[in-house]
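In what follows, chains are A, B, ... by sequence order, proteins preceding strands, each numbered from 1.
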Amino acid sequence: MLQGVSIKHLNQHLGEEVMLQGWLYNKRSSGKIQFLILRDGSGLVQGVMVKKEVDQETWAKANSLTQESSLRVWGIVREEPRAVGGYELQVTRLEIISLAAEYPITHKEHGVDFLADRRHLWIRTPRQSAILRIRSEIEHALREFFYQREFVLADAPIITPAACEGTTTLFEIDYHGNPAFLSQSGQLYSEATALALGKVYCFGPTFRAEKSKTRRHLMEFWMLEAEMAFYDLDDNMRLQEEMIMFVIDRVLHRCREDLKTLGRDTDRLASISVPFPRLSYTEAVELLRQKGVAFEWGDDFGAPEETLISENFNAPVFVHRYPTALKAFYMKPDPNQPEVVLGADLLAPEGYGEIIGGGQRIDDLTLLEQRLDEHGLPREAFEWYLDLRRYGSVPHAGFGLGIERTVAWICGLDHVREAIPFPRMLYRMYP
RNA sequence: UCCUCGAUAGCUCAACGGUAGAGCAUCCGGCUGUUAACCGGAGGGUUGCUGGUUCGAAUCCAGCUCGGGGAGCCA
């Protein structure tokens, strides 16, 4: 079977007769002419059929087409400024593959609830398809970035015997009669692979069982976590900003049409450059106070504070050296200022909040043991992790990038649920 | 877990104490350049559930169910 050409590449076939396979996105007709809007996953194109130029059977087949019916069409590619995308297909022949039943998603407005219940169909709309193509480009760019820098992709387990950080609520599963948990982070394992392989990353789903119900939260989300031996906090931040620039550059160059479909203001992305602004936690608190917010040193930033801070800059902004009490047990204290840790979060612009959390890890065995005790974590479960400090410990650092939040920011979405094909949310896991 | 908003035709909404309506979708008819096409016609309802107030409830009250937005937590 011939594969046909994809709508995206029609401009390479001007004047030729081609075959297209796809679905009917929309149809407009008058007595003697029909406009068939086709989609094939790569874009939309308008097919035109004139009654007197085709046989009766072809005309009748086109007439009977319902929204989302699958079909094959043959026709000649022409430039046509009046049509979507600037090209159209003069249809000569048409084959119905499957006539669709009455389609629930119309071209009028729908509520989020209705669409979410039909996510498996919602993703066929131009907007949702554009988002998913951009997500794909972002994931591909990330993998290529790390490949070019000779990182080893070392995947972390999803089923884990204990909480990684001991802070968040995890999904518990039954592991042949024993309790186990779905991973909330691959970081601890990445520290092990980094000490084996030097520079590593893992990329996979992570799970948080907290009853979070906001536009920035999913129960299941994808995270890219990098971990590097012999990296300090500054090396870590430099790598992150280069990674973000690489991704933005890729999306701007390769997803122009999709960004246009989304109505994204690309100037705001194109104007971003390195180095990203760096602000210590203490300076950030100072900034908030200048803006009239009553904020106590030692408190954590909520979403409103993050937005206020990021509003001050056009690029993503690093906030580093948080108070020790706010961060996970493995964060290395700053030798010059032991009450803060060598960690940094990256806040996306335009109020999209934290997209990266990371920092330098404790490399001293005694201090790490002390921190486990302070956090009330069971030493036995972490013996393997402590081994990493017993056998050739080195300074090392890493970070985790939340994919859906990054996609939401780059696409300009108002909710992360549109940034993943099938979102898992507090009160929704269908379909 | 808490705060807040909501549920009426397949969909999006209107009717706010007095006979439940529009646009779209569907079906039928018309139209040779449509752009969420347009024009004419038809079918389509236990107003989320349970109870209460009232001569009378989609409308007012209470409880329940399901969901949206947000807080906390985080990516």
Pi-cation contact, Phe114(A) with Arg118(A) (under 6.0 Å, within 45°): yes
Taking any heavy-atom pair under 4.0 Å as a contact, classify Arg78(A): base, sugar-phosphate, or nothing. base
Report the distance from atom CZ of Phe114(A) to atom C1' of rC66(B), rounded to the nearest whole Å. 17 Å
Within the modelled atom types, does a donor on one side and an acceptor on the other bring the side chain of Thr106(A) and the base of rC24(B) under 3.5 Å apart? no
So, the side chain of Thr160(A) versus the backbone of Phe181(A): is there a donor-acceptor pair under 3.5 Å, distance only? yes
Donor-acceptor pair (no angle test) under 3.5 Å: Glu88(A) side chain, rG33(B) base: yes
Nearest whole Å is fine: how far is rC74(B) P from Arg424(A) CZ? 25 Å
Between rA22(B) (C1') and Lys108(A) (NZ): distance, integer Å: 12 Å
Which of these nucleotides, rU1(B), rU32(B), rU34(B), is closest to any side-chain atom of Phe35(A)? rU34(B)
Gln46(A) near the nucleic acid: base, sugar-phosphate alone, or nothing, with a heavy-atom cut-off under 4.0 Å? base
Within this structure, what is the CZ-to-C1' distance between Phe399(A) and rC74(B), rounded to whole angstrom? 18 Å
Establish, yes or no, whether a centroid distance under 6.0 Å links the rings of Tyr147(A) and Tyr201(A). no
When every non-hydrogen atom of Gly31(A) is compared with those of Lys51(A), the smallest separation belongs to O-CD, 4.0 Å
For Ala100(A), does its backbone N or O pair with a side-chain atom of Thr66(A) as donor and acceptor, under 3.5 Å? yes
Classify the nucleic acid contact of Ile356(A) as base, sugar-phosphate or nothing, counting any heavy atom under 4.0 Å across all strands shown. sugar-phosphate
Rounded to whole angstrom, note down the P distance from rU65(B) over to rC49(B). 15 Å
Please measure how far the C1' atom in rC73(B) lies from the corresponding atom in rA22(B), and state the result in whole Å. 45 Å
Which base sits across from rC11(B) as a Watson-Crick or G-U pair, both distances under 3.5 Å? rG23(B)
Can you label the angle between the Trp384(A) ring and the Tyr189(A) ring as parallel, tilted or perpendicular, going by 30° and 60°? parallel
Categorize Gly353(A) for me: base, sugar-phosphate, or nothing, with a 4.0 angstrom heavy-atom threshold over every strand shown. nothing
When rounded to the nearest Å, what value does the distance between C1' atoms of rU59(B) and rA7(B) take? 14 Å
Between rG51(B) and rA57(B), how far apart are the C1' atoms? Round to whole Å, please. 13 Å
Let's test your reading of the model: under 3.5 Å, does the base of rG69(B) pair with the side chain of Lys213(A) as donor and acceptor? yes
Who does rG63(B) pair with, Watson-Crick or G-U, both distances under 3.5 Å? rC49(B)
Nearest to the side chain of His217(A), which nucleotide is it out of rG67(B), rU34(B), rC73(B)? rC73(B)
Rounded to whole Å, please give me the gap between CD in Glu68(A) and P in rA25(B). 15 Å
Check the phosphate of rU32(B) against Arg82(A), side-chain N and O only, distance under 4.0 Å to OP1 or OP2. Yes or no? no
Return yes if some donor-acceptor pair links the side-chain N/O of Glu241(A) with the main-chain N/O of Phe276(A) below 3.5 Å, else return no. yes
Between rG67(B) and rC28(B), how far apart are the C1' atoms? Round to whole Å, please. 38 Å
Donor-acceptor pair under 3.5 Å: do we get one between Lys51(A)'s side chain and the base of rU32(B)? no
Euclidean distance for P, rU47(B) against rG21(B) (whole angstrom): 14 Å
Check whether any side-chain N or O of Ser129(A) sits under 3.5 Å from a backbone N or O of Ile123(A) as a donor-acceptor pair, and report yes or no. yes
Give none if rC2(B) has no partner; otherwise give the nucleotide forming a Watson-Crick or G-U wobble pair with it, both distances under 3.5 Å. rG70(B)
Classify the side chain of Arg405(A) versus the base of rC74(B) as yes if they form a donor-acceptor pair under 3.5 Å and no if they do not. yes
Quick check: on RNA chain B, is the nucleotide nearest Glu354(A) upstream (toward 5') of the one nearest Thr214(A), or the reverse? Name the residue that is more 5'. Thr214(A)
Nucleotide rG68(B), atom C1' - distance to NE2 of His415(A) in whole Å: 9 Å
Using the side-chain heavy atoms of Asp113(A), tell me which of these nucleotides is nearest: rU1(B), rC73(B), rG67(B). rG67(B)
For rU54(B), give its Watson-Crick or G-U wobble partner with both distances under 3.5 Å, or none. none
Are OP1 or OP2 of rU32(B) and a side-chain N or O of Lys32(A) less than 4.0 angstrom apart? yes
What is the distance, rounded to the nearest whole Å, between atom CE of Met49(A) and atom P of rU34(B)? 19 Å
Could you work out the separation of rC38(B) and rC2(B) based on their P atoms and round it to a whole Å? 48 Å
Distance between the P atoms of rA14(B) and rG30(B), in whole angstroms? 37 Å
Considering every strand and a 4.0 Å limit on heavy-atom distances, what is the contact class for Ala303(A): base, sugar-phosphate, or nothing? sugar-phosphate
Could you work out which one of rC74(B), rG69(B), rU32(B) sits closest to the side chain of Arg417(A)? rG69(B)
Taking the six-membered ring where the residue is Trp, are the ring centres of Phe295(A) and Phe301(A) under 6.0 Å apart? yes
Comparing nearest nucleotides in RNA chain B, the 5'-proximal residue of the pair Asp300(A), Ser29(A) is Ser29(A)
Can a donor-acceptor pair under 3.5 Å be found between the side-chain atoms of Gln34(A) and the base atoms of rU34(B)? no
How is Phe221(A) classified with respect to the nucleic acid when contacts are heavy atoms under 4.0 Å: base, sugar-phosphate, or nothing? base
Please state whether the phosphate of rG10(B), meaning OP1 or OP2, lies under 4.0 angstrom from any side-chain nitrogen or oxygen of His110(A). no
To the nearest Å, give me how far apart OH (Tyr427(A)) and C1' (rC2(B)) are. 11 Å
